[in-house]
Amino acid sequence: MVKYCQSCNVQKAFMVRPKTGNLICQNCFFQAFEDEIHHTIISNQMFKPGEKIAIAASGGKDSTVLVHVITLLNKKYNYGLNLYLLSIDEGIKGYRDDSLETVKQNQITYQLDLRILSYKELFNWSMDEVVAQIGLNNNCTYCGVFRRQALDRGAIQLGVDKIITGHNADDMAETFLMNLLRGDIFRLPKSTAIITGDDGDNGIATLPRCKPFKYTYEKEIVMYAHYKKLIYFSTECTYSPNAFRGHVRELIKNLEAIRPSAVIDLIHSCEQLDAPNQNQKMPQKQLCQKCNLLSSNKICKACTLLESLNQGRAKQILQIQD
């Protein structure tokens with residue numbers, strides 16, 4: 001029996017849409033996917049005409065679809081944005097060097113300026129060197145902290161107004177659950193914030209980061225990339241299997257098997273949380289005394305981690321000389 005698309009009732013259905021459970025044809029899926037992201041952008045007043053926007057591009061499925069969709073919507077709805085690609089090379093041989101080739105192909109396809117910054121040039125450490133120093137435990141902590149700062153530094157170099165990232169609904173749900181399990185009450189209410197950053201208290205501004213894919217399922221991003229024949233890099237990071245996020249992701253997938261709406265339910269739950277009580281002592285934004293970038297302590301997390309790495313390197317050199 002032929003089943004037809006429940007949106008247009010004309011074309012044959014080619015999939016059951018993960019987000020709604022409805023039968024849908026390919027054209028209607030593409031249209032719905034793009035329209036929903038446009039609605040997210042407009043309803044959250046994400047951009048202003050004339051703004052310079054850096055797209056965080058890794059070469060993976062999320063960032064590749066993000067580049068494609070934002071470029072398409074910018075032209076279709078005349079957002080008036082000036083788009084740039086910003087990539088971070090963590091220095092993971094056989095992973096990031098290969099994925100950056102995909103970013104370079106996207107640069108040619110979409111005719112956008114590309115800036116690539118490496119951990120090595122910024123911090124004098126590659127992730128391969130970090131892992132060789134500390135092992136596979138907590139390596140994702142180092143990488144995450146360095147990556148956030150690297151994106152900020154790249155954005156400053158490009159002189160952009162905002163950064164947009166490809167964080168999807170699954171990522172947001174994972175972040176919320178991770179902070180919940182850690183008991184991190186300060187980060188918990190903002191776990192699923194669609195825009196982070198503000199004009200700043202104490203005269204310290206934070207560069208806004210926007211997440212147009214907040215309500216977009218990972219499964220649908222994969223399907224969109226596949227059927228649009230977009231070129232993306234799909235290999236998992238060499239060092240990620242031991243990450244805490246991986247265990248949380250598996251837990252959410254198990255929850256989805258029982259309750260298909262688990263991802264969006266987690267996001268909506270987080271949105272209902274109140275900010276911490278005013279009487280609770282909150283971290284105060286300030287400038288790091290070493291790198292002069294935003295921090296919640298006198299010395300930022302990146303500089304603290306770098307100091308620990310460099311101290312370890314110094315000990316090794318002394319041992320060799322002995």
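It should be emphasised that the depicted structure is a prediction, and the values quoted were computed from it without experimental measurement.
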Any R147 side-chain heavy atom under 4.5 Å of S58 side chain: yes

F213 and H167 aromatic centres sub-6.0 Å: no

Test log, rule side-chain contact (heavy atoms from CB on, under 4.5 Å), inputs E307 and T304: CA-CA 5 Å; E307 185 178 359; T304 302; 5.5 Å; no

Side-chain donor or acceptor of N74 paired with backbone N/O of G80 under 3.5 Å: yes

Donor-acceptor pair, side chain of D97 and main chain of K93, under 3.5 angstrom: no

Pairwise side-chain contact, V65 with Y232, heavy-atom cut-off 4.5 Å (strictly under): no

Y215 vs K19 side-chain heavy atoms within contact, under 4.5 Å: yes

Whether over 12 other heavy atoms sit under 6.0 Å from K253 NZ: yes

No-hydrogen, no-angle side-chain donor-acceptor test under 3.5 Å, N179 and S191: yes

E51 bridged to K48 by N-O distance under 4.0 Å: no

Y227 ring center near F29 ring center (under 6.0 Å): no

side-chain contact (heavy atoms from CB on, under 4.5 Å) between T64 and V103, worked out: CA-CA 8 Å; T64 298; V103 175; over 6 Å; no

Flag side-chain contact, heavy atom, 4.5 Å: I42 against Y79: yes

Lys/Arg cation over aromatic F47: K162, 6.0 Å, 45° cone: no

Contact check, side chains of M223 and H226, non-hydrogen atoms, under 4.5 Å: no

Check: E34/Y224 side-chain N/O donor and acceptor closer than 3.5 Å: yes

Side-chain heavy-atom pair I70, I41 within 4.5 angstrom cut-off: yes

Spatial distance of atom NZ (K298) from atom CG (L287) [nearest 0.5 Å]: 14.0 Å

Check: R153/Q149 side-chain N/O donor and acceptor closer than 3.5 Å: yes

Test item: I163 and K211 side chains (from C-beta on) under 4.5 Å apart, heavy atoms: no

Sidechain-backbone polar pair: S87 side chain, A57 backbone, donor-acceptor under 3.5 Å: yes

Path from I134 to V145 over hydrophobic side-chain contacts below 4.5 Å: yes

Step-by-step side-chain contact (heavy atoms from CB on, under 4.5 Å) determination, K12 to Y4: CA-CA 4 Å; K12 292 180 182 178; Y4 289 92; 4.3 Å; yes

T175-R187 side chain donor-acceptor pair, cut-off 3.5 Å: no

Modelled atom types, side-chain donor and acceptor of H268 and E271, under 3.5 Å: yes

Derivation and outcome, side chain to side chain donor-acceptor pair (under 3.5 Å), residues Y119 and D128: CA-CA 10 Å; Y119 284 4; D128 285 340; over 6 Å; no

Student check: side-chain heavy atoms of R17 and L23 closer than 4.5 Å: no

Gap separating the SG atom of C210 from the CD1 atom of I164, nearest 0.5 angstrom: 7.5 Å

Hphob cluster co-occupancy, L180 + V248, side-chain heavy atoms under 4.5 angstrom: yes

